[in-house]
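The structure appears right after this line, and notes come after that.
Throughout, a chain's letter reflects where its sequence line sits, starting with A, and its residues are numbered from 1. Every heavy atom of this structure was used, including side-chain atoms; hydrogens, water molecules and symmetry mates were not.
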Number of protein chains: 4
Amino acid sequence: MIIELDMQSDIPIYTQLTNQIIEGIASGSLKPGEALPSVRSLASDIGINLHTVNKAYQLLKQEDYIHIHRQKGVVVNPNGMPEANKEFSDKQNAQIRPLIAEAILRGVTLEEMKEMMERIYQEIEPPVNKADNKKE
Amino acid sequence: MIIELDMQSDIPIYTQLTNQIIEGIASGSLKPGEALPSVRSLASDIGINLHTVNKAYQLLKQEDYIHIHRQKGVVVNPNGMPEANKEFSDKQNAQIRPLIAEAILRGVTLEEMKEMMERIYQEIEPPVNKADNKKE
Amino acid sequence: MIIELDMQSDIPIYTQLTNQIIEGIASGSLKPGEALPSVRSLASDIGINLHTVNKAYQLLKQEDYIHIHRQKGVVVNPNGMPEANKEFSDKQNAQIRPLIAEAILRGVTLEEMKEMMERIYQEIEPPVNKADNKKE
Amino acid sequence: MIIELDMQSDIPIYTQLTNQIIEGIASGSLKPGEALPSVRSLASDIGINLHTVNKAYQLLKQEDYIHIHRQKGVVVNPNGMPEANKEFSDKQNAQIRPLIAEAILRGVTLEEMKEMMERIYQEIEPPVNKADNKKE
DNA sequence: GTGGTCTAGACCACC
DNA sequence: GTGGTCTAGACCACT
């Protein structure tokens with residue numbers, strides 16, 4: 001999996017990294033149980049600080065998306081992802097609401113918004129091959 | 001118009017304020033040409049520093065959502081809102097993408113996402129009463 | 001002579017007014033000795049504050065471009081305009097320098113700058129009819 | 001690079017600072033990719049408040065002349081400067097027009113104006129020594 | 001150590 | 001009374 005960071009962006013590096021790993025899992029390029037690079041090697045690979053990688057991993061662990069073992073290293077949660085609960089859905093709402101408000105203000109229709117969402121959703125969503133659950 | 005700020009939130013106050021005013025315009029509670037409170041009065045009303053209010057106003061001005069006159073104060077852009085252009089749509093995309101990715105990861109379906117968007121959209125969108133176009 | 005003010009602009013109204021009168025004289029639409037509207041009537045004509053018009057007139061008087069008589073009212077200096085002295089040329093230099101610097105920075109050539117200046121100059125400059133010096 | 005500010009001038013300090021940095025880039029004393037002093041160190045060096053320096057930097061960032069990294073600090077845009085577009089040229093026009101009008105009014109000829117512009121242009125323009133392109 | 005944010009308080013330009 | 005500018009000083013996020 002390729003990580004692309006924009007060092008010019010004003011989005012914190014650890015956030016970009018977190019988002020990319022989330023998208024990797026969501027898209028199926030990272031599968032449950034699959035190993036992630038160690039903090040040290042990932043940091044040196046993409047040329048950023050150890051602490052930054054660590055912070056990203058800690059956030060992902062906190063959401064139960066990954067597990068961090070002292071010996072075995074870092075793996076995508078082998079039991080699969082936690083489902084959306086109320087807390088998650090509230091957070092999503094709070095984040096998406098201002099985006100929708102600004103879109104309405106600029107005259108974007110509900111249809112256009114839905115199309116945009118659908119396009120992005122399908123761009124990320126993995127192809128649903130019926131029997132794609134086997135361990136690699 | 002009521003402004004609600006969460007001083008504990010890690011979202012900057014000026015961002016919260018900006019978002020609320022945007023939502024106010026989007027929902028029709030603030031109409032083109034309508035005056036906004038002065039920097040100082042709004043600041044004292046909601047108990048924050050005038051510079052914080054000013055920063056929010058400057059951002060809204062930068063997007064051409066409001067006009068700031070040196071003496072007359074602040075008004076919602078009387079010529080209406082700028083339309084969505086490519087730059088805006090790119091920014092929206094970049095902001096919404098990680099939200100969608102995380103939703104996919106947690107098993108939210110496209111349908112559920114669309115429903116959420118539709119709900120929020122209609123919550124904000126001003127009711128289009130047929131005879132609501134006359135000047136007040 | 002038509003005065004056009006942009007109330008949205010962040011250039012002070014009195015500056016805009018001053019500039020327009022200067023351009024009026026420079027272009028020949030306002031001739032030496034010609035009367036200008038009274039402070040009161042100009043203010044009411046263009047719908048601005050008395051003080052604002054007065055400030056503009058005072059600045060023009062200070063440069064000796066106009067005369068203000070208690071009884072006769074306001075007239076363009078009948079003796080013609082003061083010539084450029086060192087003070088004036090220094091001020092012009094200081095004002096134009098940052099504009100040139102930014103143009104250089106953005107890759108505008110000296111030729112292009114000269115062309116721009118020539119175009120504006122000729123746009124403003126009055127047609128030089130050989131015998132146009134007679135009193136009106 | 002030496003910064004000279006006139007604290008008595010009625011030109012805002014942050015504008016003076018912005019202009020000087022622009023001239024520094026235009027003249028080649030500040031090269032793309034080169035680091036600028038941190039907000040705090042520059043502020044203390046020239047004895048002004050850090051917010052004033054910050055405002056100048058924000059304006060330069062807005063024009064894409066510099067980049068601001070949260071931790072790495074401030075650098076001249078390594079990709080070089082944006083080219084002059086219509087917006088820029090319109091702004092330049094609007095700013096230079098009153099200067100030209102006043103010069104005409106005071107009898108300055110087009111030739112003299114062009115000479116002044118050429119003198120300033122060449123004063124700022126970096127000397128194009130044939131072998132000056134190598135990285136330092 | 002860097003920029004980002006926020007506060008408190010001051011003076012000025014404009015109208 | 002309005003926004004514009006500047007100062008002084010503080011805490012936080014990021015790397």
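- Between D:His67 atom NE2 and E:dT2 atom C1' there is a gap of 17 Å when expressed in whole angstrom units.
- The environment of NE2 in D:His69 is crowded: more than 12 heavy-atom neighbours from other residues, nucleotides or ligands sit within 6.0 Å.
- Nearest heavy-atom pair across D:Asp6 and D:Gln16 is N-OE1, 2.8 Å.
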Checklist entry - Once each nucleotide of nucleotides 4-11 of chain E is scored for protein heavy atoms under 4.0 Å, what B/S/- sequence comes out, 5' to 3'? => result BBBBBB-B
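- Checking side-chain atoms of D:Asn54 against main-chain N and O of D:Leu50 turns up no donor-acceptor pair under 3.5 Å.
- Residues D:Ile21 and D:Leu36 meet the side-chain proximity criterion, which asks for heavy atoms closer than 4.5 Å.
- Judged by distance alone with a 3.5 Å cut-off, no donor-acceptor contact links the side chain of B:Gln71 to the base of E:dC15.
- With hydrogens and angles disregarded, no donor-acceptor distance shorter than 3.5 Å links the side chain of B:Glu23 to the backbone of A:Pro98.
- Side-chain contact of D:Ser41 with D:Ser44: a donor-acceptor pair under 3.5 Å is absent, judged by distance alone.
- Base-pairing analysis of DNA chain E finds the following stems of at least three consecutive Watson-Crick or G-U pairs, with both pairing distances under 3.5 Å: E:1-14 with F:1-14.
- With respect to the salt-bridge test (charged N to carboxylate O, under 4.0 angstrom), the residues C:Glu63 and D:Arg106 qualify.
- Using a 3.5 Å distance cut-off with no hydrogens or angles, the side chains of D:Gln58 and D:Tyr14 do not pair a donor with an acceptor.
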